[in-house]
Structure formats: structure tokens, C-alpha cells
Amino acid sequence: MRKLIALVFAMAATAAQAQSALPAKWEELTGPDFIKAIHQSQGVCVLPFGIIEKHGPHLPLGTDLINVRYAVEHGVEKEYAVIFPAYYFGQIAEARQEPGTLSYDMNMQLNLLQATTDEMGRNGCKKIVIVNGHGGNVHLLPFFAQSQLQKQHDYVVYFYYANLTKGPGRPQEHSSIDEHAGEGETARMMISRPDLVHQDRAKSESGSDQARLHLPDGVYTGIWWYARFPEHYAGDGSQATKELGEYDMKAWADDIANVIHAVKADNVSLELQNQFFRDAEHPLDTKQ
């Protein structure tokens, strides 16, 4: 009897190990394993959304993409989900003057993202979490999520963008400005890809606010970023420390794991989305 019990436990352990051994990255899964991964993830797939743009004189063009994928990959180690391949087709018109920047047409951005989530949904991703890694997408991605109410889908799009500037015990920053390629972002790259950080070059360009535009509060114009930071550098990457990067990356990964866990438990969004579309077919019948 003891041998039988031991055998059952061993088989269960082997099965659990085989399940947890599934790769999380979409492109690394075989066809049969992809089916298993969708079931194991409960249909939750994560789309880490980066960009290709200049990051000061000292960080790689793919900083946002590299950092967000690093955080997602470590997040799914705690809460399994399928990770979509590298995606960087977002809003970065404000950096078109800088070498290496890839800035796509506005309509192409929306059409490609819609086609991507449609394909993800067709492949069993019924809960799609877009994790944003680029500040320039903070208007694009909520708009995209809202636009999902234009046409019925059998999946739900969730949008998540972490606030990495606050947290209990977070190491103190030394920079008065830390918006792009500055202290925080450089620190995070020191964790995700330290071999690509050239911190000795961080002071070769100015990351100070040029303050060249003066408009009343509440007035927005697209040239605002160029008016402030024409060299596409906002802060001082020379101040970055590995300790700050370790804190931010752990907090980011933990947050992503919590988001995935909450999305797995969410059985309301799709139900309400379906009800919304039923109501939208007959607006005159909607209770007033």
C-alpha cells in the first residue's frame, strides 16, 4: 500500500512538473503544447507593449520593449499566462527626428493591434492583458480598449500600466526629473539587460527641461514633449543604481502576477460586454 501511495504521489509530482515546465512565450511553444498552455493559463494571454525609440545617449532603442517583457516574464513565473511575441507598433510620433525610431501611421497602429487581439482571441486567448511599457501609449491603449465596444468580440481586452515611482521602501531617487531614460528607467535596464547600459555616456547629453512652450493649464498640443525634451532624454541616467532597478523590477513583476490572478478570476467583464451588445442592438428598448 505504501508503495502504491508513493507511486501515486510521484506520478502527481511528475505531472505537476511537466505542467509547470510549459514555456510561457508564445513563440517557444509547440502546437500541442500551445493547447495545454491556453488551458493552463485559463485563456489569459499577456501582450507586453513596448516601442523602438531613442533612450538618451546611454540606453538601447528597445529599452521599453526589453523592460516590459522582462517584467512580464518574471510575473508569469508566479502566475502562469501565455506571453505574446515582441510587440512595438505603438505611438512614438514625438521622436521621429531621432535615429532608429520606428513610428507607424496612426491607422496602422490601431488596425494592427485590432488584428493582433483578434488573432489572439481566435487562438483561445479570451482574456487579453496589454501591459504597457511606454509612456507614449497612455492615451492610445485606453482608447483601443474603449474601442472594443464598437464591435462584439468573444474576448475581453484589459489594459495595465504600472506606476513605478512609488512604493514602500523604494530607494530614494536623486534626480528632480525622471521621465525618460532617466534614473528609474536606467536602473531597470541595469537589471533586465545590464550589458546594454552605457552609464558612462549618460551625461553626454542634457536631460533637463527646456521649457520652451508656455500655455495655460488644460491646453494640450502634440509638440509639448519636443518643446521640453528635444533630445528625447528627460532626467539623469548617471544617478541610477542597481538597488533601485531591483526594487522596481520585483514590484513590477509582482504587480503583473497580481493582475493576471485577478483577470483569471474575472467572470463579469465578458458577461457584461455580451449584455452591452445585446442592449446596443435595441437602444429604444433600453430601460430609461
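Count residues from 1 along the sequence. Because the structure is predicted, anything quoted here is derived from the model rather than measured.
Not less than 6.0 angstrom separates the ring centroid of H55 from the ring centroid of Y233. A ring-centre distance under 6.0 Å is found for H74 and Y70.
Placement of V138 and L141 within a single hydrophobic cluster is found when ILVMFWY residues are connected by side-chain heavy-atom separations under 4.5 Å, directly or transitively.
Between S238 and D236, some side-chain heavy-atom pair lies under the 4.5 Å cut-off. Two residues are said to be in side-chain contact when any heavy atoms from C-beta on lie closer than 4.5 Å; V68 and D64 fail this criterion. Contact of the T221 side chain with the L213 side chain is registered, since non-hydrogen atoms from C-beta on lie closer than 4.5 Å. The side-chain heavy atoms of F49 and V131, taken from C-beta on, include no pair separated by under 4.5 Å. Contact check for R170 versus D248: side-chain heavy atoms found under the 4.5 Å cut-off. With a 4.5 Å cut-off on side-chain heavy atoms, D266 and K264 do not count as touching. Side-chain contact between W26 and C125: present, with at least one pair of heavy atoms (C-beta onward) separated by less than 4.5 Å. The shortest distance between side-chain heavy atoms of K242 and I191 falls below 4.5 Å.
The CD atom of E185 lies 10.0 Å from the CG atom of L164; values are rounded to the nearest 0.5 Å.
Closest heavy-atom contact between V263 and Y158: CG1-CE1, 3.7 Å. Nearest heavy-atom pair, Y247 versus P168, reported as atom, atom and distance to 0.1 Å: OH-O, 2.7 Å. Nearest heavy atoms, F229 versus G207: CE2-O, 3.8 Å. What you find for P60 and I66 is that their closest heavy atoms are CG-CD1, 4.2 Å. E183 approaches S175 most closely through the heavy-atom pair OE1-OG, 2.8 Å. Between V76 and A24, the closest heavy-atom pair is CG2-CB, 3.7 Å.
For Q239 and D178, the side-chain atoms include no donor-acceptor pair closer than 3.5 Å. For the residue pair Q91 / E94, a side-chain donor-acceptor distance below 3.5 Å is found, with atom types taken as modelled. For E205 and H58, the side-chain atoms include no donor-acceptor pair closer than 3.5 Å.
Distance alone, capped at 3.5 Å, places no donor-acceptor pair between the Y104 side chain and the L112 backbone. T241 places a side-chain N or O within 3.5 Å of a backbone atom of L244 that can act as its donor or acceptor partner. Without hydrogens or angle criteria, T117 side chain to L113 main chain gives a donor-acceptor distance under 3.5 Å. For the pair T63 (side chain) and L59 (backbone), a donor-acceptor distance under 3.5 Å is absent.
In summary, R122 and E119 engage in a salt bridge, as defined by a charged side-chain N under 4.0 Å from a carboxylate O. The pair D254-K250 meets the salt-bridge criterion, with a side-chain N (NZ, NE, NH1 or NH2) lying under 4.0 Å from an Asp/Glu carboxylate O. With respect to the salt-bridge test (charged N to carboxylate O, under 4.0 angstrom), the residues E246 and R188 do not qualify.
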Do S206 and S208 pass the side-chain hydrogen bond (donor to acceptor under 3.5 Å, both in side chains) test, and can you show the C-alpha distance, the side-chain angles, and the key distance before you say yes or no? CA-CA 6 Å; S206 172; S208 61; 2.8 Å; yes
When you look at H232 and W225, which way does the side-chain hydrogen bond (donor to acceptor under 3.5 Å, both in side chains) test go after all the steps? CA-CA 8 Å; H232 213 57; W225 178 263; 3.0 Å; yes
Please step through side-chain hydrogen bond (donor to acceptor under 3.5 Å, both in side chains) for the pair Q114 and D118, ending with a clear verdict. CA-CA 6 Å; Q114 188 67 69; D118 285 350; 3.2 Å; yes
For K36 and L22, what are the C-alpha separation, side-chain angles and deciding distance, and is it a side chain to side chain contact (heavy atoms under 4.5 Å, CB included)? CA-CA 8 Å; K36 296 176 184 177; L22 277 175; 3.8 Å; yes
Determine, stepwise, if the pair D279 / Q275 fulfils side-chain hydrogen bond (donor to acceptor under 3.5 Å, both in side chains). CA-CA 6 Å; D279 293 345; Q275 181 62 53; 2.8 Å; yes
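The number of heavy atoms from other shown groups lying within 6.0 Å of CZ (R212) is above 12. In H261, the NE2 atom is not crowded: 12 or fewer heavy atoms of neighbouring residues, nucleotides or ligands sit closer than 6.0 Å.
A cation-pi contact, defined as under 6.0 Å to the ring centre and within 45° of the axis, is absent between R69 and Y87.
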